[in-house]
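Reviewing the structure listed below.
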Amino acid sequence: MQTANMLPGGIEKYLRFYKMGLLIISIFGIYLGISGLYLIIVDNNYISGISLFLAALLLSPPPIGISNMVARNLHLELTMGIKVGFSSLLLLIGWYFLEG
């Protein structure tokens, strides 16, 4: 919390920025999840759909995402770098196999 005190706006500005980031990531995760389910159910494009849906689960915050479940059950903490890297790989796989 030392870095929050060094910010120009103080802790309130830091928390507002943090909440806005969670909101944007949540909206992006919901969009990816719905797109993945659409590809699986309607288009029968399973590789792209599953990869987009898994990326959505990985990026979503704790009520929706699987990061807490992985940390609890496998005793493996997923850092933000690992989540972003793995979800980027899943998004690239989904894009590559997407039929246009």
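Not measured: the values here are computed from a predicted model.
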Shared ILVMFWY cluster between [X] and [Y], side chains joined below 4.5 angstrom?
| X | Y | answer |
| --- | --- | --- |
| Ile27 | Tyr31 | no |
| Ile82 | Leu74 | yes |
| Phe53 | Leu92 | no |

Rounded distance [0.5 Å steps], [atom1] in [X] versus [atom2] in [Y]:
| X | Y | atom1 | atom2 | value |
| --- | --- | --- | --- | --- |
| Ile30 | Ile25 | CD1 | CD1 | 12.0 Å |
| Ser87 | Leu59 | OG | CG | 3.5 Å |
| Tyr46 | Ile41 | OH | CD1 | 9.5 Å |
| Ile47 | Ile40 | CD1 | CD1 | 11.0 Å |

Please find the pair of heavy atoms, one from Ala56 and one from Gly33, that lie closest to each other, and give the distance.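 It is CB-N, 3.4 Å.
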Does any non-hydrogen side-chain atom of Leu89 lie less than 4.5 Å from one of Ile93? yes
With a 4.5 Å limit on heavy-atom distance, are the side chains of Leu52 and Leu91 in contact? yes
Pair Leu58-Leu54, side-chain contact (heavy atoms from CB on, under 4.5 Å): steps then yes or no: CA-CA 6 Å; Leu58 193 63; Leu54 287 177; over 6 Å; no
